[in-house]
Every structure is written in C-alpha cells, then in structure tokens.
Asks: 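Okay, handing you the structure first.
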Amino acid sequence: MPVDVHQHIWPAAFVELLRARTAPPRLDGWTLHLDGEPPYTIDPRDHDIERRRRLAVADGLDLALVSLSSPLGVEQLPPEESLPLLDAFHAGALALPAPFGLWASPCLSAPDPGAVERTLRRGCAGLQLPATAILDSEGLRACAPLLSVLERLDKPLFLHPGPAPAAATGTPPWWAALVPYPQQLHGAWYAFRAFGRARHPALRVCFAALAGLAPLHGERLAARGGGGRGEVDFDVFYDTSSYGTRAVDALVRVVGVDVVVAGSDRPWAAPVVTDPGADAVVHALRSVNPARLLHGGGRSVPRAPSWKGTPP
C-alpha cells in the first residue's frame with residue numbers, strides 16, 4: 001500500500017475564509033500574505049482536487065495524507081478566528097476522494113482534547129502539530145492532553161514546521177524554508193527526546209523534512225553529555241519531504257531505513273526520486289514503514305534514553 005504521508009490541499013471553503021480575512025494569514029486572490037514571509041503567489045491548479053487526484057494516482061499511491069499548512073499559523077489564532085478555519089479545512093479535507101486521507105489539526109490557543117478526539121474519530125489518520133508547539137518542556141506540558149488522546153486512540157503525531165518569525169527587509173524568499181523551518185524541527189526533535197518520550201512512551205511520532213536533520217548531530221550530542229549515540233527510537237519516524245537521496249542516505253546511516261517514510265510536501269515540493277535499483281528501499285519508505293507509523297506493530301522498540309531529569 002504505497003503512502004505519501006505529507007501533502008497539502010486547501011478546500012474551497014477554507015480558501016474563501018482566508019480571502020475574507022483582513023490580517024495574516026490571508027489570501028488576496030491567490031496571493032498569500034503571512035507575517036513572517038514575503039507575499040507568495042499560489043498556483044490555483046495546486047488545489048484543484050481532480051488534478052491532485054490524478055497526480056496521486058500517477059504516483060501510484062493508495063493513500064496521500066493531507067494536512068493544514070502550519071506555517072499559516074491558523075492553530076495559534078484566537079479561537080473565534082481559528083475554529084471556523086479549522087472546521088472548514090477538516091470538513092473539506094474529509095470529503096476529498098480516494099486516495100486522500102487527513103491529519104487533523106487543533107486550536108492551540110484554546111486546546112480542547114475532547115474536540116480533538118471527536119475530529120480524530122471522524123476518520124483522521126492522526127494529529128498534526130506545528131513544531132513550534134513543542135520546542136521545550138513547557139510546550140510539551142501544554143500539549144500533553146492532546147498527545148494523551150493520540151496514545152489512547154493509538155494514532156500518530158505528525159510534526160510540521162510552524163510560522164516563521166518576521167524577517168528583515170531584503171531577506172531572500174527561500175529563507176523561511178531553509179532557516180526557521182529546519183530550526184523548528186531540529187528543536188522539536190531534541191525537546192521530544194529530552195522531555196516528551198518519558199511522558200508519552202507509546203506515542204508514534206513523525207517529523208516532516210527529516211526533522212531538520214537533527215539526528216545527524218548525534219556525535220555532538222554525545223560529546224556534550226547527552227548520551228545515546230547509536231541508539232534509535234523506532235517509534236520516531238522521518239518523512240523525506242524536500243530532500244533528495246543524499247540527505248536521505250545520510251539520515252539512514254544514523255537511524256536506519258526502518259523509520260524513514262515517504263512524504264512529498266506536494267504541492268510545495270515534488271516526491272523524492274530514489275536511485276534506480278533501490279526497489280527494496282522504495283517499498284520500505286512507501287509501504288512498510290508508513291504502515292507501522294499509522295497502525296503500529298512491527299519490530300521491537302529500543303528507546304533512546306532521555307536526558308537526566310523528570311518529564312514535564
């Protein structure tokens with residue numbers, strides 16, 4: 001069952017609500033305005049449902065999981081602004097045809113575990129959080145009730161870059177994707193290792209974009225007293241979005257192939273093209289590993305040790 005764990009589609013009702021806004025995040029026609037990034041012109045074909053369905057079929061997918069674009073910052077808006085946008089997104093995404101599925105998103109300005117559970121029970125694969133929500137022990141403490149819902153329902157967490165901070169005039173347009181986004185994922189990966197795993201021992205977690213390549217810093221972690229070099233948490237997964245074979249190969253050398261899953265970030269990036277002759281790796285990334293992320297089971301799970309201290 002080939003799976004892409006990371007795509008984005010904006011349903012029509014969600015688009016119209018963004019157009020009705022007068023402050024970021026907002027759409028002016030198809031030009032997106034955010035606080036931390038320059039205006040960005042979106043190709044409306046990228047959110048044409050039939051076109052995207054055909055692309056997913058052409059990619060050979062049995063499941064393409066779509067999620068809210070967390071850099072918009074919808075989850076952090078006041079509830080009166082966030083909830084209508086989230087409702088429109090969830091309703092539209094749940095109505096998408098096969099092969100699409102959905103990661104749910106919560107209102108983080110007024111977290112409601114009951115509402116999250118109701119949304120998950122409508123057929124969502126799991127819950128997405130912006131990486132900015134769990135950058136430290138306080139963030140993990142605030143999100144703990146939501147993560148406990150996931151554990152109880154045996155559903156995974158997907159961590160995606162959140163909003164970028166405002167950049168100085170003259171900053172190149174690629175800055176947010178290359179600096180704040182990986183930094184957020186890097187920080188969230190270490191925060192979950194340090195503070196989150198002990199509190200949520202049964203939670204399966206997937207980091208977008210290879211977690212900002214955070215695991216590659218294992219030698220530095222060991223040198224600074226973090227320990228755990230060479231130990232892998234087999235319930236922490238990494239999607240390949242925006243990276244190619246060199247970065248994927250580097251990560252596999254550290255964490256192994258069993259925790260890497262195919263994620264394209266379509267329409268913002270194309271799927272990774274794996275080197276010819278790597279059929280077994282393709283099967284693992286597209287089928288075997290996503291199945292374990294979404295449904296559990298599989299191999300035993302050695303744990304990377306947490307740093308000293310108690311969970312938040």
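Computed from a predicted structure; not experimentally measured.
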Asks: Looking only at non-hydrogen atoms, find the nearest pair between V255 and V232 and report the distance.
Replies: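 Nearest pair, atom of V255 first, then V232: O-CG1, 3.6 Å.
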
Asks: Between T240 and G263, is there a donor-acceptor pair closer than 3.5 Å when you use the side chain of the first and the backbone of the second?
Replies: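 Yes: the side chain of T240 pairs with the backbone of G263.
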
Asks: Are D46 and W10 side-chain neighbours, meaning at least one heavy-atom pair lies under 4.5 Å?
Replies: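 Of all side-chain heavy-atom pairs linking W10 with D46, none is under 4.5 Å.
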
Asks: Between W175 and L178, is there shared hydrophobic-cluster membership here, with clusters defined by ILVMFWY side-chain heavy atoms closer than 4.5 Å?
Replies: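 In one cluster with W175: L178, yes.
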
Asks: Run the side-chain donor-acceptor check on residues 181-188: report pairs under 3.5 Å with partners two or more places apart or on a different chain.
Replies:
{"residue": "Y181", "atom": "OH", "partner": "E37", "partner atom": "OE2", "Å": "2.4"}
{"residue": "Q184", "atom": "OE1", "partner": "G162", "partner atom": "N", "Å": "2.5"}
{"residue": "Q184", "atom": "NE2", "partner": "P163", "partner atom": "O", "Å": "3.0"}

Asks: Indicate yes or no for a side-chain donor-acceptor contact from Y238 to the backbone of C206 under 3.5 Å, with no hydrogens or angles considered.
Replies: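 No, because the side chain of Y238 does not come within donor-acceptor range (under 3.5 Å) of the backbone of C206.
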
Asks: Taking L77's backbone N and O only, do any of them form a donor-acceptor pair with S109's side chain (distance below 3.5 Å, no angle check)?
Replies: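 Yes; judged by distance alone, with no hydrogens or angles, the pair exists.
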
Asks: Looking at every heavy atom in both A262 and R286, which two are closest together, and how far apart are they?
Replies: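 Heavy atoms only, the tightest pair is CB-CG, 3.8 Å.
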
Asks: What are the two closest non-hydrogen atoms of P106 and L127, and how far apart are they?
Replies: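 In this case the closest contact between P106 and L127 is CD-CD1, 3.8 Å.
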
Asks: Give a yes or no on whether the backbone of V260 and the side-chain of N289 come within a donor-acceptor separation of less than 3.5 Å.
Replies: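 Side chain of N289 to backbone of V260, a donor-acceptor pair under 3.5 Å: yes, one is there.
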
Asks: Looking at R292 and D235, does any basic side-chain N land under 4.0 Å from a carboxylate oxygen?
Replies: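 Salt bridge: yes.
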
Asks: So, taking the atom named CG in L146 and the one named CG in L129, what distance separates them when rounded to the nearest 0.5 Å?
Replies: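 Rounded to the nearest 0.5 Å, the CG-CG separation comes out at 6.5 Å.
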
Asks: F100 versus Q7: any side-chain heavy-atom pair under 4.5 Å?
Replies: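 Result yes, sub-4.5 Å side-chain heavy-atom pair found.
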
Asks: Are P130 and L108 packed together at the side-chain level, in the sense that at least one heavy-atom pair is separated by less than 4.5 angstrom?
Replies: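 Yes, side chains in contact.
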
Asks: Taking all atoms of both residues into account, what is the closest heavy-atom pair of A164 and A176, and its distance?
Replies: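 Taking A164 first and A176 second, the nearest heavy atoms are CB-CB, 3.8 Å.
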
Asks: Roughly how far apart are F192 CZ and F207 CZ, rounded to 0.5 Å?
Replies: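 That separation rounds to 7.0 Å.
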
Asks: Hey, are the side chains of R118 and R121 touching, using non-hydrogen atoms and a 4.5 Å cut-off?
Replies: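 A side-chain contact under 4.5 Å is absent here.
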
Asks: Roughly how far, to the nearest 0.5 Å, is the NE2 atom of H47 from the CZ atom of F14?
Replies: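 Reported to 0.5 Å precision, the distance equals 9.5 Å.
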
Asks: Does L27 form a side-chain contact (heavy atoms from CB on, under 4.5 Å) with I42? I'd like the steps, not just the answer.
Replies: CA-CA 9 Å; L27 276 173; I42 291 169; 4.1 Å; yes

Asks: For Y40 and W268, take the angle between the two ring planes, folded into 0 to 90°, and tell me which bin it lands in: parallel under 30, tilted 30 to 60, perpendicular over 60.
Replies: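 The arrangement is perpendicular - the two ring planes meet at more than 60°.
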
Asks: Side chains of S241 and S264: closer than 4.5 Å at any heavy-atom pair?
Replies: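 Answer no - side chains too far apart.
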
Asks: Please check if F234 and L210 belong to a single hydrophobic cluster, counting links between Ile, Leu, Val, Met, Phe, Trp and Tyr side chain heavy atoms closer than 4.5 Å.
Replies: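 Linked, F234 and L210 end up in one cluster.
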
Asks: Check V3 against L61 and note the closest heavy-atom contact, atom names and distance.
Replies: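 Reported closest heavy-atom pair: C-CD2, 3.8 Å.
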
Asks: Can you give the donor-acceptor pairs under 3.5 Å from side chains of residues 78-86 to other protein atoms, not counting sequence neighbours?
Replies:
{"residue": "E81", "atom": "OE1", "partner": "R21", "partner atom": "NH1", "Å": "2.9"}
{"residue": "E81", "atom": "OE1", "partner": "R21", "partner atom": "NH2", "Å": "3.1"}
{"residue": "S82", "atom": "OG", "partner": "V74", "partner atom": "O", "Å": "2.9"}

Asks: Check whether Q128 reaches the backbone of L68 with its side chain - one donor and one acceptor, N or O, closer than 3.5 Å.
Replies: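 It does hold such a pair.
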
Asks: Evaluate the side-chain proximity of P113 to V116: yes if any heavy-atom separation is below 4.5 Å, no if none is.
Replies: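 Not in contact.
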
Asks: Between the main-chain N or O of R19 and the side-chain N or O of R26, is there a donor-acceptor pair closer than 3.5 Å?
Replies: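 Flag not set: sc R26 to bb R19 has no pair under 3.5 Å.
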
Asks: Say whether, by atom type as modelled, one donor and one acceptor occur between the side chain of R53 and the main chain of A98 under 3.5 angstrom.
Replies: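 It does not hold such a pair.
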
Asks: Is there a chain of hydrophobic side chains (I, L, V, M, F, W, Y, each step under 4.5 Å between heavy atoms) that links V281 to M1?
Replies: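 V281 and M1: one cluster.
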
Asks: Are L140 and C143 close enough, and set up right, to give a side-chain contact (heavy atoms from CB on, under 4.5 Å), and what steps lead you there?
Replies: CA-CA 5 Å; L140 278 156; C143 290; 5.8 Å; no

Asks: With the 4.5 Å side-chain cut-off for hydrophobic clustering, are W189 and L213 part of the same group?
Replies: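 Yes; L213 is reachable from W189 via cluster members.
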
Asks: What donor-acceptor contacts under 3.5 angstrom involve side-chain atoms of residues 147-159, with partners at least two apart or in another chain?
Replies:
{"residue": "S148", "atom": "OG", "partner": "A144", "partner atom": "O", "Å": "3.0"}
{"residue": "E151", "atom": "OE1", "partner": "H200", "partner atom": "ND1", "Å": "2.9"}
{"residue": "E151", "atom": "OE2", "partner": "A202", "partner atom": "N", "Å": "3.1"}
{"residue": "R152", "atom": "NH1", "partner": "E117", "partner atom": "OE1", "Å": "3.3"}
{"residue": "R152", "atom": "NH1", "partner": "E117", "partner atom": "OE2", "Å": "3.2"}
{"residue": "R152", "atom": "NH2", "partner": "E117", "partner atom": "OE1", "Å": "2.7"}
{"residue": "D154", "atom": "OD1", "partner": "R204", "partner atom": "NH1", "Å": "2.7"}
{"residue": "K155", "atom": "NZ", "partner": "C124", "partner atom": "O", "Å": "2.8"}

Asks: What do the steps show when you test H6 against H160 for ring-ring contact (aromatic ring centres under 6.0 Å, His included), and what is the final call?
Replies: CA-CA 9 Å; H6 184 176; H160 188 284; 4.9 Å; yes

Asks: Is D239 reaching over with its side chain to a backbone N or O of A209, donor-acceptor style, under 3.5 angstrom?
Replies: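 A pair under 3.5 Å: yes.
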
Asks: Would L294 and L63 count as a side-chain contact (heavy atoms from CB on, under 4.5 Å) here? Give the steps.
Replies: CA-CA 11 Å; L294 296 175; L63 179 63; 3.9 Å; yes

Asks: State, with a plain yes or no, whether a side-chain heavy atom of P24 is found less than 4.5 Å away from one of D35.
Replies: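 Yes; the side chains approach each other to less than 4.5 Å.
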
Asks: What is the distance from atom CZ of R122 to atom NE2 of H90, rounded to the nearest 0.5 Å?
Replies: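 Between R122 CZ and H90 NE2, I get 8.0 Å after rounding to 0.5 Å.
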
Asks: So if I apply the salt bridge (Lys or Arg N to Asp or Glu O under 4.0 Å) rule between D59 and each of R266, R54, R52, which one comes out positive?
Replies: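 Answer after filtering R266, R54, R52: R266.
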
Asks: Going through the checks in order, is the side-chain contact (heavy atoms from CB on, under 4.5 Å) test met by F89 and L102?
Replies: CA-CA 10 Å; F89 176 76; L102 174 64; 3.6 Å; yes

Asks: So, taking the atom named CG in D4 and the one named CG in L285, what distance separates them when rounded to the nearest 0.5 Å?
Replies: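 If I round to the nearest 0.5 Å, the distance is 11.0 Å.
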
Asks: I'd like to check C107 versus D112 (side-chain heavy atoms, cut-off strictly below 4.5 Å). Are they in contact?
Replies: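 Not touching, per the 4.5 Å side-chain cut-off.
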
Asks: If Ile, Leu, Val, Met, Phe, Trp and Tyr residues are connected whenever their side-chain heavy atoms lie under 4.5 Å apart, and connections chain through other members, are V248 and L216 in the same group?
Replies: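 Same cluster.
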
Asks: Give, for atom CG of D265 and atom NE2 of H8, the distance between the pair rounded to the nearest 0.5 Å.
Replies: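 Output value for this atom pair is 4.5 Å.
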
Asks: Strictly below 4.0 Å, N to O, side chains only: are R197 and D233 in salt-bridge contact?
Replies: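 Yes, charged N to carboxylate O under 4.0 Å.
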
Asks: Looking only at atom types and distance, does a side-chain atom of D136 sit under 3.5 Å from a main-chain N or O of G139, one as donor and one as acceptor?
Replies: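 Indeed, once roles are kept as given, a pair shorter than 3.5 Å links the two residues.
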
Asks: Are any side-chain N or O atoms of H33 and backbone N or O atoms of P39, one a donor and one an acceptor, separated by less than 3.5 Å?
Replies: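 The answer is no, because no donor-acceptor pair under 3.5 Å joins these two groups.
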
Asks: For the residue pair P161 and S70, what are the closest heavy atoms and their distance?
Replies: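 Shortest heavy-atom contact: O-CB, 3.2 Å.
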
Asks: Can you establish whether the number of heavy atoms outside R253 located under 6.0 Å from its atom CZ is more than 12?
Replies: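 Counting other residues, nucleotides and ligands, CZ of R253 stays at 12 neighbours or fewer.
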
